[in-house]
Every structure is written in C-alpha cells, then in structure tokens.
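Working notes, structure below.
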Amino acid sequence: QFTSVEREAYEDSLKSYRDIKNSLDTAMEEGWIEGKIEGKIEGKIEVAKKLIELGIEDEKISQATEMTIDEIVNLRKKL
C-alpha cells in the first residue's frame, strides 16, 4: 500500500540495513569486533595502571577510564 516513491525508499532502507547487518555478522565471525573490544579494554587497564602509579584517586581514574571503582580497586590490589 506504498506509493512507488515510498516503496523505493523502503526497499533502499531495507537494503542498507541488510548490508550493515551482513558486515557486522562477518566482522563477528572473523573476530574483528572481539579483538577491537579486547584492545580497548587493555588500553583502559594500562592507563589505569599508570594513573594508580601516579597516585591519582580512584574516582578520577574511574572518570578517565570509564572503569568501575571495583575494577580499579581490584587492579590496585594486583599491582
């Protein structure tokens, strides 16, 4: 019950959605996304370690790294 213009716009948006979904599915299958996530987490941990060594308080480290206070406390115990 779409007009021809509405139907074309709908089909275009559906094609775009499918293209994006297929790209994400491929990235997940090949491990690209997990690797990026792991890299970001490792980067945050390294920054947190340096800030702990500099004597920065946990709340500020949490703000800078977006890690929870509990994560920072646990990291501090490991150092």
Side-chain angles (χ1 to χ4, degrees):
Q1 303 213 3
F2 289 132
T3 67
S4 62
V5 172
E6 290 172 331
R7 183 171 184 81
E8 187 176 331
Y10 170 75
E11 288 176 0
D12 286 346
S13 70
L14 192 57
K15 182 183 179 306
S16 294
Y17 166 78
R18 288 181 180 147
D19 288 345
I20 292 169
K21 183 170 181 342
N22 287 335
S23 295
L24 286 173
D25 289 346
T26 299
M28 294 277 293
E29 288 171 10
E30 294 181 9
W32 295 348
I33 292 176
E34 288 89 358
K36 278 195 141 226
I37 291 170
E38 288 175 17
K40 281 189 169 196
I41 291 170
E42 289 173 8
K44 286 183 179 189
I45 291 170
E46 290 305 312
V47 169
K49 284 180 181 178
K50 289 178 184 176
L51 293 173
I52 289 170
E53 291 170 1
L54 291 171
I56 306 298
E57 55 191 66
D58 293 348
E59 287 80 19
K60 291 189 186 229
I61 296 172
S62 176
Q63 289 174 344
T65 62
E66 298 177 347
M67 294 173 66
T68 67
I69 298 294
D70 287 339
E71 291 170 326
I72 295 164
V73 168
N74 288 333
L75 183 60
R76 188 180 290 277
K77 289 177 185 176
K78 294 177 184 177
L79 294 179

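- Open room surrounds CD on Glu8; 12 or fewer heavy atoms of other groups in view lie less than 6.0 Å from it.
- If you take CG on Asn74 and CG on Asp70, they are separated by 6.5 Å, rounding to the nearest 0.5 Å.
- Crowding of Glu66 atom CD: a count of heavy atoms from other residues, nucleotides or ligands under 6.0 Å not exceeding 12.
- Taken together through direct or relayed side-chain contacts under 4.5 Å among Ile, Leu, Val, Met, Phe, Trp and Tyr, Val47 and Ile37 form part of one hydrophobic cluster.
- Under the side chain to side chain contact (heavy atoms under 4.5 Å, CB included) criterion, Tyr17 pairs with Lys21, not counting sequence neighbours.
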Side-chain donor-acceptor contacts of residues 48-63 below 3.5 Å, not counting sequence neighbours, with atom names and distances?
| from | atom 1 | to | atom 2 | distance (Å) |
| --- | --- | --- | --- | --- |
| Asp58 | OD1 | Arg76 | NE | 3.2 |
| Asp58 | OD1 | Arg76 | NH2 | 2.5 |
| Ser62 | OG | Met67 | O | 2.6 |

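- Summarising the geometry, atom NZ belonging to Lys44 is positioned 10.5 Å from atom CD1 belonging to Ile72; distances are rounded to the nearest 0.5 Å.
- Rounded to the nearest 0.5 Å, atoms OG1 (Thr65) and NZ (Lys40) are 13.5 Å apart.
- By the side chain to side chain contact (heavy atoms under 4.5 Å, CB included) test, Thr26 is found to be paired with Glu30, residues two or more places apart in sequence or in another chain being considered.
- Here Asp25 contributes atom CG and Arg18 contributes atom CZ; the two are 13.0 Å apart, rounded to the nearest 0.5 Å.
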